[in-house]
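Taking it in order: structure first as structure tokens, then the write-up.
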Amino acid sequence: MADNFTTKNELKTELINLSAILGLPKGTEVFVSDIHGEYDEFAHIMRNGSGNTKQKIAELFTGRLSSVSQKKLAFLIYYPSEILKRTKASLDDKDDLTQWYMDTFNNLIEMLRYTANKYTRSKVRKTLDPEFVYVTEELLYADNNMETKQLSYQNILDGIIDLQMADEFIIATCHSIQRLVVDHVHVIGDIYDRGPHPDFVIEHLARHWQSFDFQWGNHDILWMGSLAGSKLCMLNLLRICARYDNLTILQTAYGIDLQKMVDFSLKNYQAQTVFLPKSDTGKKISKSQATIDGCVQQAAAIMQFKLEGQTIKKHPEFQMESRLLLEKIDFDRQTITIDGQTYPIQEGCFQLIDREDPYQLTEDETAIIDYLMEQFANSEKLHRHINYLIDNGSMYLKYNDNLLLHGCVPVDKNGELLSLEIDGHKYFGHTLFDYFDEIIREALKNKATSQDVDMIWYLWTGKLSPLFGKDRMTTFERYFIADKKTHVEVLNPYYSLRQEEWFADKLLQNFGLENGHIINGHTPVRVGESPIMANGKIFVIDGGMSKPYHKTTGIGGYTLLSNSYGLQLVTHEPFTTRDKAIKEMTDVVSTKRVIEQAVSRKRVAQTDVGKRLKRQRKELLKQLARIK
């Protein structure tokens, strides 16, 4: 800060440093969305820099390394520990291994130098392993044209091998290259969902990346709401985990005891076809586990429907009366009447519903919910991860003239902003996002009120929720009514209007941006659809990272790259497994498409960071003028 400088020389030195940074090329941003707990695929994309690492290797080594050798170098950078183990197992001769180490050191240092060339030395130093900073900098900035420097360089390499530090040095250098290839990571929603390891995703970002942000998604909200005290968020979360045979994420990753819930479910419910769990991994689910998953689903669903009824009646401003379905069941005939149409109930499980007071929980249900909420509240790891999402995330983000959001901006068919009225105040456009952002932070940083937790649940399922974007959530119909017409959830007009350039301009203006782009997740782009909309002003980058979406989208997801030369849309092939990727050296980038090219290379001075540095520089100049 400016106040830390007391002499003219200190100030002048810092001014020179800031001027140098402002003139550097803009760092590479990667935008990724809808990870849905698929850690291995996400980690691979981060390790390969969304295809950037492979491209830089080609730029640097074409004509010196064969395509096979380039691929080997790339996978060493992606997976250094695993490739080292395989390589050492294949090289029995000590001299051959020493030569491999020497070649690898030189290639990695050259690659590190190439990826570091648009950063200051101080920033590069922050990406280096503290145990190897001195050694790496000596190698990185050595002048090999001088004989004495060449000898020093060689002595360092020899020393690394002789002292048996070669493996650790290679691993550390590969990780540094990964961090330099990508300067900033944007995760546009849904780290959580049906995938097995959202916890690994958060840990990976915390360990390996210094500059990143989250825009919260609808599935993230369920976890955040559960920790804030929303019983409805918790029951939805639990039901979905059981639906996709993923209760282990709660039990193993976060230490949440489900045994009481399992015992209660098995006691009161029995296996039914519509509640059979689904496996996204292709693994066979045992009959006993399928029964547990199915019964837990039923118990969670019934408790969810009861509490939804209570909440909807408490909040007429939600305008969700059409979702009061339990009172519309004819229990004797096993039918339900919705919008004047009567439908037969399939495989009903309503034995714990009081016909006279259908939204009333039983004593056992109340006890189970209270116990589960206590489990969530006492999970230290869950607290740490959700606080990480809060501290590094937001409902939306304006970054380098781009608007990043997960779901939608609720509008009518004419593109007019729809407002949600709460306590006499109307919220629409960016103010709607700001309202929910404040509610979430208040609920998770301080003691949440019942109003707060109800609003967080509304974000999951409400008609005017920016994270949902549909007229209703038809969970009840999908379980109990065979007629698929009742399953339809109508999308907000935002999703059709975002094809229009005028609509993109209107939204950008509402959020205080004159130019730039809207970068969106949430809805998978289907086969034949383009992720580029509104004449290049809106990009939808949920291409289906989750395995179930691969058939729908035909790909393994999109990422977006923004570097000093412009914008590139990256299409990824479906990811199989981590072991197969390493064994066969199969990457997941299929094509890169340049969608916007800068007339001249963009500099740090033209970014949000540059604006902040210019303000800092202005303050330093004022301070310099005051020092005699």
Side-chain angles (χ1 to χ4, degrees), residues 25 27-28 30 40-41 43-91 96-119 124 127 136 139-140 142 144 153 157 160 166-167 169-183 208 556 559 561 563-565 568-594:
T28 298
V30 168
D40 284 348
E41 182 170 354
H44 186 83
I45 290 171
M46 290 296 97
R47 289 171 185 273
N48 74 9
S50 193
N52 237 16
T53 301
K54 188 176 180 180
Q55 179 177 320
K56 289 185 180 296
I57 289 172
E59 292 169 1
L60 188 59
F61 291 106
T62 294
R64 293 191 289 148
L65 292 180
S66 68
S67 58
V68 172
S69 295
Q70 289 183 33
K71 181 180 285 190
K72 288 180 178 179
L73 178 59
F75 270 82
L76 174 66
I77 293 171
Y78 305 164
Y79 299 102
S81 299
E82 293 86 346
I83 299 300
L84 270 166
K85 185 177 179 180
R86 292 180 60 198
T87 301
K88 290 168 71 176
S90 66
L91 296 174
D96 289 343
L97 179 60
T98 299
Q99 184 61 54
W100 182 84
Y101 276 137
M102 285 294 181
D103 293 340
T104 300
F105 290 161
N106 285 310
N107 289 339
L108 288 178
I109 290 299
E110 193 169 352
M111 184 66 179
L112 183 65
R113 188 180 297 119
Y114 188 61
T115 56
N117 65 8
K118 63 179 181 180
Y119 302 113
V124 172
T127 71
T136 305
L139 295 171
L140 189 60
N144 288 328
Y153 186 98
L157 298 186
I160 292 171
D167 291 2
F169 178 73
I170 287 172
I171 292 168
T173 305
C174 289
H175 288 162
S176 295
I177 292 170
Q178 290 178 24
R179 288 190 286 268
L180 288 169
V181 168
V182 172
D183 184 48
H208 296 293
T559 53
L561 287 173
N563 58 29
S564 58
Y565 294 106
Q568 291 180 318
L569 184 71
V570 185
T571 308
H572 299 275
E573 298 171 350
F575 189 75
T576 52
T577 67
R578 173 191 174 100
D579 290 342
K580 185 175 181 181
I582 295 171
K583 182 179 179 180
E584 299 178 4
M585 289 197 296
T586 52
D587 227 329
V588 296
V589 177
S590 53
T591 57
K592 276 188 178 182
R593 176 180 173 186
V594 176

Identified side chain to side chain contact (heavy atoms under 4.5 Å, CB included) counterpart of Leu73 within the set Leu60, Val68, Ile57: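 Considering Leu60, Val68, Ile57, a side chain to side chain contact (heavy atoms under 4.5 Å, CB included) with Leu73 is found only for Ile57.
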Stepwise side chain to side chain contact (heavy atoms under 4.5 Å, CB included) test for Leu112 and Val124: CA-CA 10 Å; Leu112 183 65; Val124 172; 5.6 Å; no
Heavy-atom donor-acceptor pair, [X] side chain to [Y] backbone, under 3.5 Å:
X      : Y      : value
Gln178 : Arg47  : no
Thr62  : Glu59  : no
Tyr119 : Leu180 : yes
Asn117 : Arg113 : no

Lys54, NZ atom: more than 12 neighbouring heavy atoms under 6.0 Å: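 Count not over threshold, so no.
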Within 6.0 angstrom of Phe61 CZ, more than 12 heavy atoms from elsewhere: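 Counting neighbours around CZ of Phe61, more than 12 heavy atoms of other residues, nucleotides or ligands fall under 6.0 Å, so yes.
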Short N-O contact, Asp167 and Lys88, less than 4.0 angstrom: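 Between Lys88 and Asp167 there is a salt bridge, with a charged N closer than 4.0 Å to a carboxylate O.
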Rounded at 0.5 Å granularity, tell me how far [atom1] in [X] sits from [atom2] in [Y].
X      : Y      : atom1 : atom2 : answer
Asn52  : Thr115 : CG    : OG1   : 10.5 Å
Gln55  : Ser50  : CD    : OG    : 10.5 Å
Ile170 : Ile83  : CD1   : CD1   : 11.5 Å
Met111 : Leu76  : CE    : CG    : 11.0 Å
Leu91  : Gln99  : CG    : CD    : 11.0 Å
Ser176 : His208 : OG    : NE2   : 11.5 Å

Please name the pair of heavy atoms, one in [X] and one in [Y], separated by the smallest distance, quoted to 0.1 Å.
X      : Y      : value
Tyr101 : Ala166 : CE2-CB, 3.5 Å
Ile177 : Leu108 : CD1-O, 3.7 Å
Ile109 : Leu139 : CG2-O, 3.8 Å

Salt bridge (Lys or Arg N to Asp or Glu O under 4.0 Å): pairs with one or both residues in residues 578-588, sequence neighbours excluded: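 The answer is Glu82-Arg578.
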Pairwise side-chain contact, [X] with [Y], heavy-atom cut-off 4.5 Å (strictly under):
X      : Y      : result
Ile582 : Arg86  : yes
Leu84  : Trp100 : yes
Ile171 : His175 : yes
Arg593 : Thr571 : no
Thr87  : Thr104 : no
Thr577 : Asp40  : no
Thr136 : Phe169 : yes
Ile77  : Val181 : no

Under the side-chain contact (heavy atoms from CB on, under 4.5 Å) test, residues paired with Lys85 that sit two or more places apart: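 Checked Lys85 against side-chain contact (heavy atoms from CB on, under 4.5 Å); zero matches.
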Ring pair (Phe, Tyr, Trp, His ring centres under 6.0 Å) partners of Tyr79, counting only residues at least two apart: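 For Tyr79, the residues satisfying ring pair (Phe, Tyr, Trp, His ring centres under 6.0 Å) (neighbours in sequence not counted) are His44.
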Thr28 vs Lys118, side chain to side chain contact (heavy atoms under 4.5 Å, CB included): CA-CA, chis, key distance, verdict: CA-CA 10 Å; Thr28 298; Lys118 63 179 181 180; 3.4 Å; yes
